[in-house]
Amino acid sequence: MNTKNGFSAEDIFSQPQPPLLLVISAPSGAGKSTICRQLLKNNPDLVFSVSTTTRPPRAHEEEGVDYHFVDEGKFEAMIESDEFLEWARVHDEYYGTSRSAVLNELERDNDVMLDIDVQGGDQIRKLYPAAVMIFIVPPNMEELERRLRARATESEEEIERRLTNARDELQAIHNYDYVVVNDTVDDAVAEIESIRCAEKLRLHRIKKGLPEL
Ligand code: ADP
Ligand code: 5GP
């Protein structure tokens, strides 16, 4: 029987916890991929959404693990056939999130993590307002530049493009629920794990069923 405010004991104790969609964004070089890799290592129950991109693979990157690498023609055909939950042009390349992969994992009750740019974050927030939006920032702009150069995966021109874009990307911070400063990787990872844990306990999530995407 329902109580005065609309909850019965059965409601409270029998509700399944819906899975979380975690959106992680950051200016390029802030350390997002490093943090996501560590999060996946620490939390084998967390599923990474492997994006599709037209960007060429970096030396250490693996097809199907870091990205699905395709050419522009293939990406545009995938846009046409509505295969993306969101997609965007970032640093002059295409990047997109597979609709079916994300939906399948959420339907299996798995928490899914998206490593996407701020344009993608904006699309996901509109499509699914219950997404948990996390923005990672470097300690300062000098450190961002130092990290981009130390990674040594882009040309000078590409580094300059990413640094210019970083200033615009920072303006999107207002779209996010949480800000994590990547000073040390371990601290940043621990903070994101705390966010995930707290979000799973929020009452409004316990009341809701599966997201409709
Ligand atoms: P993003 O995915 O945001 O573009 P990466 O994860 O590739 O960034 O990190 C950029 C560079 O900075 C890499 O060389 C990485 O090893 C380094 N890095 C990441 N986090 C830290 C940190 N907390 N302190 C120092 N260097 C870091
Ligand atoms: P990188 O080339 O450094 O791997 O990624 C460049 C930017 O593209 C990063 O901000 C990254 O988060 C973003 N990105 C990666 N995958 C996707 C995606 O599927 N969709 C969108 N919108 N951005 C993505």
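Source: prediction; values computed, not measured. One-based numbering, in listed order, for ligands and for the atoms of each.
Protein heavy atom in closest approach to atom 2 (O) of ligand 1: S33 OG, 2.5 Å. D117 N, 3.6 Å is the protein heavy atom nearest to atom 13 (C) of ligand 2. If you check which protein heavy atom lies closest to atom 16 (N) of ligand 2, you get S51 OG, 3.0 Å. With respect to atom 3 (O) of ligand 1, the closest heavy atom belonging to the protein is K32 N, 2.8 Å. Ranking protein heavy atoms by distance to atom 24 (N) of ligand 1, first place goes to R147 NH2, 3.2 Å. If you check which protein heavy atom lies closest to atom 20 (N) of ligand 2, you get E86 OE2, 2.7 Å. In terms of protein heavy-atom proximity, atom 8 (O) of ligand 1 is nearest to G31 N, 3.2 Å.
The G120 neighbourhood of ligand 2 comprises atoms 22 (N), with distances under 4.0 Å to a heavy atom of that residue. Near A88, meaning under 4.0 Å from one of its heavy atoms, ligand 2 places the atoms 22 (N). In summary, the atoms of ligand 2 found under 4.0 Å from a heavy atom of R55, numbered by their order in the structure, are 1 (P), 2 (O), 4 (O). Close approach of ligand 2 to D115 is summarised as follows: ligand atoms under 4.0 Å from at least one heavy atom of the residue are 11 (C), 12 (O), 14 (N), 15 (C), 16 (N), 17 (C), 24 (C).
Checking only distances, T97 does come within under 3.5 Å of ligand 2, N or O to N or O. Of the polar atoms of A150, none of the N or O atoms is found under 3.5 Å from an N or O of ligand 1, judged by distance alone. For a threshold of 3.5 Å applied to N or O pairs, the pair formed by E143 and ligand 1 contains no separation below that value. Considering backbone and side-chain N/O atoms, Q119 never comes within less than 3.5 Å of an N/O atom of ligand 2. At least one N or O atom of G96 sits closer than 3.5 Å to an N or O atom of ligand 2. Residue D183 has at least one nitrogen or oxygen atom sitting less than 3.5 Å from a nitrogen or oxygen atom of ligand 1, judged on distance alone.
A salt bridge is absent between R58 and D66: the closest approach of a Lys/Arg side-chain nitrogen to an acidic carboxylate oxygen does not fall below 4.0 angstrom. Using a 4.0 Å cut-off between a side-chain N of Lys or Arg and a carboxylate O of Asp or Glu, R125 and D177 qualify as a salt bridge. Contact check on R202 versus E199 returns a salt bridge, with a Lys/Arg side-chain nitrogen under 4.0 Å from an Asp/Glu carboxylate oxygen.
A donor-acceptor contact under 3.5 angstrom links the side chains of E83 and S81, judged on distance only.
Put simply, the side chain of R37 reaches to within 4.5 Å of the side chain of T34, judged on heavy atoms.
A heavy-atom separation below 4.0 Å is not found between E93 and ligand 2. Under a 4.0 Å heavy-atom criterion, E169 is not in contact with ligand 2. Under the 4.0 angstrom criterion for non-hydrogen atoms, F84 is not in contact with ligand 2. Note on ligand 2: K32 sits in its first shell, one or more heavy atoms being nearer than 4.0 Å.
Using bins of under 30°, 30° to 60° and over 60° for the plane-to-plane angle, the ring pair F84/F75 lands in the parallel bin.
Judged as a side chain to side chain contact (heavy atoms under 4.5 Å, CB included), and not counting sequence neighbours, the contacts of E156 are R149, E160. Partners of E72 by salt bridge (Lys or Arg N to Asp or Glu O under 4.0 Å), not counting sequence neighbours, listed by chain and number: R89.
When non-hydrogen atoms are compared, ligand 1 lies under 4.0 Å from neither the backbone nor the side chain of D115.
Taking all heavy atoms of L148, N182, V181 into account, the minimum distance to atom 23 (N) of ligand 1 is reached by N182. Comparing T34, D187, V185 against atom 6 (O) of ligand 1, the shortest heavy-atom distance belongs to T34.
When each of V112, L21, L22 is paired with S49, the side chain to side chain contact (heavy atoms under 4.5 Å, CB included) condition holds for V112 and for no other. Screening E61, E158, E93 for a salt bridge (charged side-chain N to carboxylate O under 4.0 Å, His left out) involving R55 leaves a single residue, E61.
To the nearest 0.5 Å, atom CG of residue D187 and atom CD1 of residue I192 are 11.5 Å apart.
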